[in-house]
Amino acid sequence: MSSVLPEKNEQYGTKEYWDQRYSQESEEDSFDWFKSYADIAPIIKELVPNKAARILMLGCGNSKLSEEMYDDGYKNIVNTDYSGVLIEKMRHKHEKLRPEMEWLEMDVRDLRFDSGSFDFAIDKGTMDAMMTSKGDVWDPPEDVIDSCDREVNEVLRVLRTGGIFLYLTFGQPHFRRRYLTKPGTMLEIRQLGEAFHYYLYIVRKQE
């Protein structure tokens with residue numbers, strides 16, 4: 001893994017870095033930012049009791065989250081990532097074992113889906129990667145603000161009324177709330193972990 005770590009943190013926010021990294025990794029390699037599905041499964045089952053719900057995975061990477069959710073009964077999952085290299089690998093890896101899952105090359109800031117077409121959306125580290133640009137965390141660069149706003153606005157557009165956007169991060173509320181407080185939504189924040197805290201931001205689309 002060390003051979004594909006970026007020289008600078010801001011490379012986490014570039015498509016070129018991820019294409020290069022995934023081209024060096026095998027189909028069997030995986031990496032999960034933050035918590036695993038086992039850690040958050042009770043919360044997901046609470047928020048999405050209907051396993052037929054249509055679920056959008058934002059910046060899926062080669063995380064095991066999608067496959068573990070699928071194996072737990074959530075069959076209607078659409079995975080997106082802007083690395084075409086990664087998407088081809090994941091599509092080939094899962095096409096026989098998990099044929100109902102979809103894998104699409106797509107930027108979370110420009111989702112090519114109809115409005116109101118998903119019940120649930122998950123971001124586990126994708127927005128964080130867009131925040132790795134140099135700058136003051138208290139006063140982020142305009143491109144970071146624009147990218148994060150565009151992602152959240154697009155997610156809310158493709159969610160149906162009553163749909164939920166789940167964002168898991170280590171980012172504390174005073175750094176993340178600005179992007180997740182939107183008209184017509186309700187924001188709930190849960191803290192996970194003991195020695196090191198993670199935060200679960202639950203955005204409910206109300207209108």
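Side-chain contact between Thr169 and Asp123: absent, with no pair of heavy atoms (C-beta onward) separated by less than 4.5 Å. Side-chain contact check for Ser66 versus Met101: some heavy-atom pair is nearer than 4.5 Å. Contact annotation: the side chain of Leu111 approaches that of Met106 to within less than 4.5 Å [non-hydrogen atoms, C-beta and beyond]. Asn76 has its side chain out of reach of Glu100: every pair of non-hydrogen atoms, C-beta onward, lies at least 4.5 Å apart. Put simply, the side chain of Tyr179 reaches to within 4.5 Å of the side chain of Pro140, judged on heavy atoms. A 4.5 Å side-chain heavy-atom check between Leu166 and Leu168 finds every atom pair outside the cut-off. Between Arg178 and Ile145 there is a side-chain heavy-atom pair separated by less than 4.5 Å.
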Begin with the C-alpha distance, continue with both residues' side-chain angles, and end with the deciding distance and a verdict on side chain to side chain contact (heavy atoms under 4.5 Å, CB included) for His92 and Lys89. CA-CA 5 Å; His92 183 261; Lys89 285 190 173 186; 6.0 Å; no
Side chain to side chain contact (heavy atoms under 4.5 Å, CB included) between Phe170 and His197, intermediate numbers included: CA-CA 7 Å; Phe170 59 78; His197 293 147; over 6 Å; no
Between Ile189 and Leu200, does a side chain to side chain contact (heavy atoms under 4.5 Å, CB included) hold up when you go through it step by step? CA-CA 6 Å; Ile189 304 172; Leu200 200 60; over 6 Å; no
Show your working on side chain to side chain contact (heavy atoms under 4.5 Å, CB included) between Glu105 and Ser83 and close with a plain yes or no. CA-CA 6 Å; Glu105 181 181 350; Ser83 172; over 6 Å; no
Apply side chain to side chain donor-acceptor pair (under 3.5 Å) to residues Asp128 and Tyr167 and explain how you reach the verdict. CA-CA 10 Å; Asp128 296 72; Tyr167 170 42; 2.9 Å; yes
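Checked by atom type and distance alone, the side chain of Asp149 never pairs as donor or acceptor with a backbone atom of Asp146 at under 3.5 Å. Distance alone, capped at 3.5 Å, is enough to place a donor-acceptor pair between the Arg54 side chain and the Ser117 backbone.
A pairwise comparison of heavy atoms in Lys205 and Arg160 identifies CD-O, 3.6 Å as the closest pair. Taking all atoms of both residues into account, the shortest heavy-atom contact from Lys182 to Val152 is CE-CG1, 3.8 Å. When all heavy atoms of Val108 and Glu154 are compared, the pair lying nearest together is O-CB, 3.8 Å. Cys60 approaches Met57 most closely through the heavy-atom pair CB-CG, 4.0 Å. Taking each heavy atom of Ile202 and Arg190 in turn, the nearest pair found is CD1-NE, 3.5 Å. Here the closest non-hydrogen pair linking Ala121 and Val155 is CB-CG1, 3.7 Å.
Among the candidates Lys64, Arg98, Lys51, the single residue satisfying the salt bridge (Lys or Arg N to Asp or Glu O under 4.0 Å) test with Asp71 is Arg98. With respect to Phe165, the side chain to side chain contact (heavy atoms under 4.5 Å, CB included) criterion is satisfied by exactly one of Leu187, Leu180, Ile122, Leu56: Leu180.
Of the inter-residue distances, the one linking Thr80 atom OG1 with Arg112 atom CZ reads 9.5 Å to the nearest 0.5 angstrom. In this structure, OG1 in Thr161 is found 10.0 Å from CD in Gln206, a value given to the nearest 0.5 Å. One finds the SG atom of Cys148 at 9.5 Å from the CG atom of Asp143 (value rounded to the nearest 0.5 Å). Taking NZ of Lys93 as the start and CG of Asn62 as the end, the distance is 7.5 Å to the nearest 0.5 Å. How far CG of Leu47 is from CG of Asp119: 12.5 Å, rounded to the nearest 0.5 Å. Met69 CE to Lys75 NZ: the interatomic distance, rounded to the nearest 0.5 Å, is 11.5 Å.
Neither Tyr201 nor Met186 shares a network with the other; the hydrophobic side chains, linked directly or stepwise wherever heavy atoms of I, L, V, M, F, W or Y lie under 4.5 Å apart, form separate groups for each.
No side-chain donor from either of Asp110 and Tyr82 sits under 3.5 Å from a side-chain acceptor of the other. A donor-acceptor pair shorter than 3.5 Å can be found between the side chains of Asp72 and Tyr37.
Applying the ring-ring contact (aromatic ring centres under 6.0 Å, His included) definition to pairs two or more places apart or across chains, those involving residues 96-117 are His94-Trp103, Phe113-Phe118.
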